[in-house]
Amino acid sequence: MSTMIPLNQFQQLRHVDEIIEKAADSWWVYRRSIGHNGTLNTTARVVFFGRTKTQVDQWVAAQAQ
């Protein structure tokens, strides 16, 4: 006997976030989309800017929920 699991129960990754420190008080979050074939888009866009690493980490954690 086999067990069937509907595909819609799995949450697929749609993007990858990267945190970059531009200066001592300048943290940027870049987002790259993941295509349907699993390839990472070469063009990144800024989706959040923060003054502290903690502020950026909190924003990224809130996005994951």
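The figures here come from the full heavy-atom set of this structure, side chains too, leaving out hydrogens, waters and symmetry mates.
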> Output all residues satisfying side-chain hydrogen bond (donor to acceptor under 3.5 Å, both in side chains) with Thr52, sequence neighbours left out; order by chain, then residue number.
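Counting only residues at least two positions away or on another chain, Thr52 forms no side-chain hydrogen bond (donor to acceptor under 3.5 Å, both in side chains).
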> Using the side chain to side chain contact (heavy atoms under 4.5 Å, CB included) rule, pick out the option among Ile20, Asp17, Ile19 that qualifies with Val56.
Ile19
> What heavy-atom pair brings Asp25 and Phe49 nearest, and what distance separates the two atoms?
O-CZ, 4.4 Å
> According to the side-chain hydrogen bond (donor to acceptor under 3.5 Å, both in side chains) rule, which pairs have a member within residues 54-63, sequence neighbours left out?
Lys53-Asp57
> Check Val47 against Arg31 and note the closest heavy-atom contact, atom names and distance.
CG1-CB, 3.7 Å
> Taking the side chain from Arg32 and the backbone from Thr42, do they hold a donor-acceptor pair closer than 3.5 Å?
yes
> If every non-hydrogen atom of Arg51 is compared with every non-hydrogen atom of Trp27, which pair is closest and at what distance?
O-CD1, 3.7 Å
